[in-house]
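Working notes for the structure below.
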Amino acid sequence: MDFADELTAGATASNSNPHKPSDTRDSGELSSSDNDTEDVHPVFSNMPASFAPPMSPILPLQSKCNVAIQADMDDKLETIQNICQKIVDTTNLYSFSKLDDQQVYSLMRLREISHRIVNERDSRVTRNDVISAMCFYINRLAGKCKDIVDIMNKMSYKDLDDQQMQQLSRLKELLCGIVDGAKDVETEPSRIVEQGMVSDIWMTESLEVEPIDSCNDDIPLGETQIVAIEDKQAVAEARLANQYCDMSHVKHSISWPPNGSLTLEWVVEMMKTLELSSRNYTPSEFQLIMPVSVVDSILNVAASILHKEPNCLEIDCHGEVSNVVIVGDIHGHYHDLLHLFELANFPSESQYYVFNGNYVDRGAWGLEVFLVLLAWKILMPDRVYLLRGNHETRFCTSSYGFEKEVRTKYGEQGEKVYHRCLETFKELPLAAIIAGKVYTTHGGLFRKPCNPDVQNDKETRTRKLEIGSLQDLSKLERFFVDIPTKDEDPNIILADVLWSNPSKVDGLRENQARGVGLLWGPDFTEAFLKLSNLKLIIRSHEGPDSRDGKIDFDDMIMGYSTDHDIESGKLYTLFSAPDFPQFGQKSYCNEGAYATLKHPDFETPSFHTFKAVDKPKALADAVSSNNSSPIEIHSGVDFEALGILNPPSWSITLTDDATGTQNVPIPKAPVVEGLPLPPSIEEPHKAAYEYFLELIAGLKFMLQTTENKNKIHISHRKRKKCN
């Protein structure tokens with residue numbers, strides 16, 4: 001019996017305590033009652049007092065002995081736990097470079113047993129438990145090595161001599177070898193013991209890079225020493241925190257297919273695994289189920305596919321007996337997405353899917369939604385189409401919860417994963433034409449871009465808005481993480497496509513309430529359909545919260561609405577997140593919906609509504625943001641340079657007796673008093689003055705608009721009473 005087995009046996013023996021005096025009573029019987037009466041033996045507890053035998057004088061003495069024995073057991077258990085904690089700490093700092101695979105395995109097993117005893121868990125450790133722990137550390141080391149490789153790829157080498165270039169090349173080669181070895185471990189975990197890969201990955205004796213001066217050539221378990229040339233502070237900052245993540249309860253982890261080719265079985269298994277993960281593991285354990293390496297692979301492959309697609313997709317369904325399913329905002333409702341697939345069936349050769357964006361934010365499982373849909377895109381690139389929504393931007397995700405969700409789920413690697421998601425967001429197309437008849441997008445219509453040759457700001461501001469064409473949309477530069485917001489920017493129509501809303505009032509004008517995008521009336525829906533030779537528009541972007549209080553529109557409680565019904569066709573709004581939102585403001589108890597277009601004409605959509613399914617209790621505090629409403633207008637002012645650490649934002653907290661408190665964005669005013677400023681005012685003060693003047697004008701405009709709405713609402717109620 002080795003030391004690990006003896007330790008296990010010792011802990012088991014201590015817990016069983018064979019020297020404890022026998023006692024037929026329950027453990028809770030040792031305490032006396034509130035009246036300090038003597039304990040009564042259970043056999044006689046229901047007898048009349050006259051028939052009960054006298055209590056033995058030995059019982060109180062036995063009770064005192066039991067208390068003493070229990071105290072002694074607690075002391076011994078504490079001693080054992082202290083010893084085990086020292087074993088854990090020592091093993092964390094132990095070098096593995098000089099050990100063979102069997103010795104590494106034995107040390108890891110000893111550490112697992114000790115860790116469980118410290119945490120008062122079952123001390124039995126299986127071979128798979130040890131392999132899982134070893135995989136965790138190897139993947140963690142590989143992740144850090146990959147980060148270093150990424151940094152090295154961005155470095156400038158122009159000032160380095162040949163020797164330094166050779167040394168850095170050797171370092172990069174070794175780091176890439178560790179990363180590649182970790183991929184093999186992830187694919188076939190059993191190989192780390194069976195084929196001797198542990199010592200290869202942990203060995204550092206071959207790392208002979210002279211300028212890199214390390215105090216210890218060994219790489220300790222749980223702590224990777226990463227050294228940058230002539231930067232001791234970077235060395236300290238780059239060390240991994242010595243934290244242990246217990247993986248013994250994790251039953252299944254997703255791994256990228258060895259050949260890099262996804263199958264239907266792999267995608268379905270991924271969906272099931274993430275669903276089980278949401279119910280059985282905490283958000284911080286998500287990285288154990290979905291390793292960063294797999295996320296990187298999904299994002300890389302999907303981004304390369306999306307990048308090749310045009311701004312406006314043309315989905316040709318003619319000649320096939322096929323259906324097209326259109327899905328609106330999902331907003332992190334992963335379990336409702338799975339339910340939607342159950343109702344409408346998976347994508348297939350005869351069933352297309354078009355998703356209208358807003359996959360993330362305001363829900364606890366936005367990352368799961370996005371990754372699963374990207375996996376479907378990789379599997380069936382010509383049957384699954386993903387469009388971009390206004391929440392697929394840095395601006396919204398940093399305010400509505402997705403950034404915090406990713407950082408919670410991936411810890412120290414969260415920032416990297418979040419930025420990789422942002423880079424993938426900008427690759428998403430903006431619209432689709434289905435069967436040459438249906439235009440679908442997230443927000444809606446867009447303006448004709450201004451002539452880039454026009455440099456006159458006054459002419460740009462006074463230029464009448466015109467409806468844009470599909471040709472204008474095709475020329476747009478879409479690859480921005482955040483959308484352009486300046487009217488003179490030729491790519492301003494990107495903001496229109498993602499943010500615009502329909503109106504019941506004719507005309508085309510800027511959306512002052514949101515501060516971005518347009519409002520267009522039925523006349524411009526008619527004009528766009530005629531201009532583009534189309535029959536329908538199906539857009540998303542507005543849920544029950546956006547329609548709350550808009551008396552001229554449907555309230556979206558059913559998940560869809562008919563907004564314009566004109567001569568050339570119709571305009572629909574579609575929303576697919578039931579019981580929205582998961583956290584933040586009040587839930588509207590709405591249903592979700594999806595639309596189906598069928599062969600042969602694809603002109604008459606059928607709408608299918610569905611209720612929310614049962615979900616795990618979302619840890620809203622872990623994945624939501626304290627700021628439930630974003631600032632709609634970027635300041636562009638360096639307030640820190642002015643010593644202003646808490647500048648006023650473009651939102652205001654209002655109190656409503658019906659809904660509680662909510663953050664309301666302040667709109668951008670069409671006219672700003674006090675501008676332009678005199679040229680004598682210099683930066684950064686000039687930008688700050690402009691910011692405050694625009695904010696004041698926005699507040700005044702907001703008050704005026706609210707007052708006008710109230711008057712219209714009162715007038716509308718009076719007309720209804722008269723009728």
Side-chain angles (χ1 to χ4, degrees), residues 268 271 275 315 317 320-359 363 365 369 372-373 376-377 380 383-387 389 432-435 437-442 444 502 535-547 553-565 569-582 587-615:
V268 172
M271 294 167 62
E275 199 277 338
I315 304 175
C317 313
E320 302 179 28
V321 181
S322 56
N323 299 330
V324 181
V325 178
I326 304 174
V327 182
D329 300 39
I330 301 175
H331 279 304
H333 287 229
Y334 179 64
H335 306 84
D336 295 315
L337 173 64
L338 299 184
H339 183 50
L340 187 154
F341 279 137
E342 291 178 1
L343 298 173
N345 294 322
F346 287 151
S348 65
E349 288 300 315
S350 61
Q351 178 143 292
Y352 295 73
Y353 266 87
V354 178
F355 293 88
N356 271 357
N358 277 16
Y359 312 108
W365 301 281
V369 168
V372 162
L373 293 183
W376 277 109
K377 179 65 180 177
M380 308 187 72
R383 290 297 183 271
V384 176
Y385 296 94
L386 307 181
L387 307 183
I433 303 296
I434 301 172
K437 298 180 179 181
V438 182
Y439 172 77
T440 180
T441 188
H442 180 72
K535 299 296 184 182
L536 293 176
I537 298 175
I538 301 179
R539 43 90 65 175
S540 298
H541 188 47
E542 291 184 286
D545 58 331
S546 299
R547 292 292 175 88
F553 282 97
D554 291 339
D555 56 15
M556 295 298 294
I557 297 300
M558 296 297 294
Y560 71 98
S561 69
T562 304
D563 296 334
H564 294 162
D565 189 350
K570 294 181 180 181
L571 164 68
Y572 297 99
T573 295
L574 181 65
F575 194 76
S576 304
D579 276 358
F580 179 81
Q582 286 183 19
S587 174
Y588 287 85
C589 300
N590 61 293
E591 295 184 359
Y594 63 92
T596 303
L597 302 172
K598 294 186 177 181
H599 180 85
D601 58 15
F602 298 97
E603 293 182 11
T604 306
S606 57
F607 292 89
H608 310 266
T609 63
F610 59 95
K611 296 183 180 294
V613 298
D614 178 54
K615 302 178 182 65

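Sequence positions, counted from 1, serve as the residue numbers for this chain. Treat the numbers as computed from the prediction; the structure is a model and nothing was measured.
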To the nearest 0.5 Å, atom OG of S322 lies from atom CZ of R383 at 7.5 Å
Is there a donor-acceptor pair closer than 3.5 Å between any side-chain N or O of E591 and the backbone N or O of A577? no
Quick one: does F553's side chain get under 4.5 Å of D555's, heavy atoms only? no
CG (N358) and CD1 (I330) are apart, to the nearest 0.5 Å, by 9.5 Å
So do L536 and Y572 actually touch side chain to side chain, heavy atoms under 4.5 Å? yes
To the nearest 0.5 Å, how far apart are OG1 in T609 and CD1 in I557? 12.5 Å
Please evaluate residues T573 and H541 with respect to the criterion side chain to side chain donor-acceptor pair (under 3.5 Å), reporting the C-alpha separation (whole Å), side-chain torsions for both, the decisive distance (0.1 Å), and the verdict. CA-CA 8 Å; T573 295; H541 188 47; over 6 Å; no
Would you give the length of the straight line joining atom OH of Y385 to atom OG1 of T440, rounded to the nearest 0.5 angstrom? 13.5 Å
Any side-chain heavy-atom pair from I537 and V438 closer than 4.5 angstrom? no
Within a strict 4.5 Å, meaning less than it, do heavy atoms of the V327 and V354 side chains meet? no
Specify the closest pair of heavy atoms between G592 and P578, including all atoms of both residues, with the distance to one decimal. N-CB, 3.5 Å
Is there a side chain to side chain contact (heavy atoms under 4.5 Å, CB included) between K535 and Y439 once you walk through the steps? CA-CA 8 Å; K535 299 296 184 182; Y439 172 77; over 6 Å; no
Side chains of C317 and H599 in contact at under 4.5 Å (non-hydrogen atoms): no
Closest approach of V321 and S350, non-hydrogen atoms and distance? O-CB, 3.7 Å
Looking at every non-hydrogen atom in both residues, tell me the closest pair between A344 and Q351 and how far apart they are. O-NE2, 2.5 Å
Any idea which heavy atoms bring M556 and N590 closest together, and the distance? O-CB, 4.1 Å
Quick check for you: to the nearest 0.5 Å, what is the distance between K611 atom NZ and C589 atom SG? 9.5 Å
For S540 and N356: C-alpha separation, side-chain torsions, deciding distance, then whether side chain to side chain donor-acceptor pair (under 3.5 Å) applies. CA-CA 7 Å; S540 298; N356 271 357; 3.2 Å; yes
Can the ring centroids of F580 and Y588 be said to lie less than 6.0 angstrom from one another? no
Closest approach of I538 to P605 (non-hydrogen atoms, all atoms of both residues): CD1-CB, 4.4 Å
Go through the steps to decide whether K615 and D579 satisfy the test salt bridge (Lys or Arg N to Asp or Glu O under 4.0 Å), and finish with yes or no. CA-CA 11 Å; K615 302 178 182 65; D579 276 358; 5.5 Å; no
Rounded distance [0.5 Å steps], OH in Y560 versus CZ in F575: 16.0 Å
Looking only at the aromatic ring of each residue, does the gap between the centers of Y353 and F341 stay below 6.0 angstrom? yes
Sub-3.5 Å donor-acceptor pair from the side chain of K377 to the main-chain atoms of V384, do we have one? yes
Close aromatic pair by centroid cut-off 6.0 Å: Y594 and F607: no
I'd like to know if D563 pairs up with K570 as an ion pair, taking the criterion as any Lys NZ or Arg NE/NH1/NH2 lying under 4.0 Å from an Asp or Glu carboxylate oxygen. no
Less than 4.5 Å apart, any side-chain heavy atom of I326 and any of I434? yes
Write down the atom of L597, the atom of T604, and the distance for their closest heavy-atom approach. CD2-C, 4.4 Å
Return the set of residues passing salt bridge (charged side-chain N to carboxylate O under 4.0 Å, His left out) with E542 (not counting sequence neighbours), or none when no residue passes. R539, R547, K550
Tell me, do K437 and D601 make a side-chain contact under 4.5 Å, heavy atoms counted? yes
For W376, the option from F355, Y359, F346, Y352 that meets ring pair (Phe, Tyr, Trp, His ring centres under 6.0 Å): F346
May I have the step-by-step check of side chain to side chain contact (heavy atoms under 4.5 Å, CB included) for V324 and K598, ending in yes or no? CA-CA 7 Å; V324 181; K598 294 186 177 181; over 6 Å; no
From E275, Q582, H333, residue fulfilling side-chain contact (heavy atoms from CB on, under 4.5 Å) relative to W365: Q582
